[in-house]
Amino acid sequence: MLFSDCLRHSAYQHPQAVYPPITVTIKPTNPNIHPLLFSAVHFLMFSSGDFLGRHLCSFPRLIIWSAQRILALALLRTLFIPAFLLCNVEHAFPVAPFINSDFVYMLLLCALGVSNGYVSTLCMLGAPSLEHNKRLRDRQEDVDVAGTVAAFCLIVGLAVGSFASFGVRAVICECNPFAS
């Protein structure tokens, strides 16, 4: 993987702009559920899904080696943004939720976690692979560099997503995300 390909992948593979800035503003639709319990389960669902997504890559039949397919999966993850915005988001202005189910919301959150773990692990597996990364064929000495660049791009993707989360939060609450 070239450095530019790695950056392109990392920019789309991390949900920091969605999780948690959008997901923490989603409130339970059931009034009997305490908001703190709902929030705790929210983090548990994402983390469990992320773990499951990473574990899926331990099955060779589920590994995707094509950079184009991995990029397509990463880009498809942007569909989670409107899906979460259709849930019971606490807006600055009242809006009736289209997805009015805590169960469906938790399934969406788990799917976001699974896709996060799966896509990020696929990127980390593919970048230093001599067999599957065409750019590394017959260049054994560059495997360590490819792995390091992949890890760097993962961190850059996390940072970009984290910075984007402030803008997303500002749009949702129509407020200063640094003050509230």
>> Using the rule that Ile, Leu, Val, Met, Phe, Trp and Tyr join whenever any side-chain heavy atoms are under 4.5 Å apart, tell me whether F59 and L52 fall into a single cluster.
In response: yes
> With the 4.5 Å side-chain cut-off for hydrophobic clustering, are V104 and L37 part of the same group?
Replying inline: yes
>> Quick check against the 3.5 Å criterion: does Y118 have a side-chain atom that pairs as donor or acceptor with the backbone of L62?
In response: yes
>> Tell me whether T78 contacts the main-chain N or O of L75 through its side chain, where contact means a donor paired with an acceptor under 3.5 Å.
In response: yes
> Looking at L108 and C87, what are the two nearest heavy atoms and their distance?
Replying inline: CD1-SG, 4.0 Å
>> I need the minimum non-hydrogen distance between P28 and I33, along with the two atoms involved.
In response: CG-O, 3.8 Å
> Hey, what do you get for CE (M106) to OG (S101), rounding to the nearest 0.5 Å?
Replying inline: 10.0 Å
>> So which atom in C57 and which in I63 form the shortest heavy-atom distance, rounded to 0.1 Å?
In response: O-CD1, 3.3 Å
>> side-chain contact (heavy atoms from CB on, under 4.5 Å), that's the test. Do L154 and C123 meet it? Break it down for me.
In response: CA-CA 9 Å; L154 183 76; C123 288; over 6 Å; no
>> Quick check: closest heavy atoms across A127 and A146, and the distance to 0.1 Å?
In response: O-CB, 3.6 Å
>> Is it the case that the side chain of S115 and the backbone of A111 share a donor-acceptor pair, with hydrogens and angles ignored and the cut-off at 3.5 Å?
In response: yes
>> In this structure, would L85 and L76 fall into the same cluster of hydrophobic residues linked by side-chain contacts under 4.5 Å?
In response: no
> With under 30° as parallel and over 60° as perpendicular, where do the rings of Y105 and F84 fit, or are they tilted in between?
Replying inline: perpendicular
>> Same cluster or not: L86 versus L107, using hydrophobic residues (I, L, V, M, F, W, Y) connected whenever any side-chain heavy atoms lie under 4.5 Å apart?
In response: no
>> Rounded to the nearest 0.5 Å, what separates atom CG in N116 from atom CG in D50?
In response: 4.5 Å
>> Using a 3.5 Å distance criterion without hydrogens, assess whether the side chain of S129 forms a donor-acceptor pair with backbone atoms of L125.
In response: no
> Of all heavy-atom pairs between Y19 and L109, which one has the smallest distance, and what is that distance?
Replying inline: CD1-CD1, 4.0 Å
> In Å and rounded to the nearest 0.5 Å, what is the CZ to CG distance from R54 to L56?
Replying inline: 11.5 Å
> Going hydrophobic residue to hydrophobic residue with side-chain gaps under 4.5 angstrom, can you get from F51 over to L112?
Replying inline: no
> Sequence neighbours excluded, which residues qualify as salt bridge (charged side-chain N to carboxylate O under 4.0 Å, His left out) partners of D102?
Replying inline: none
> Which heavy atom of N100 sits nearest a heavy atom of P97, and at what distance?
Replying inline: OD1-CG, 3.6 Å
> Do S47 side-chain atoms and F43 backbone N/O form a donor-acceptor pair below 3.5 Å?
Replying inline: yes
> Okay, side chain of N88, backbone of K27: is any donor-acceptor separation there less than 3.5 Å?
Replying inline: yes
>> Would the distance check show the side chain of S165 and the main-chain N or O of S162 forming a donor-acceptor pair, the cut-off being under 3.5 Å?
In response: yes
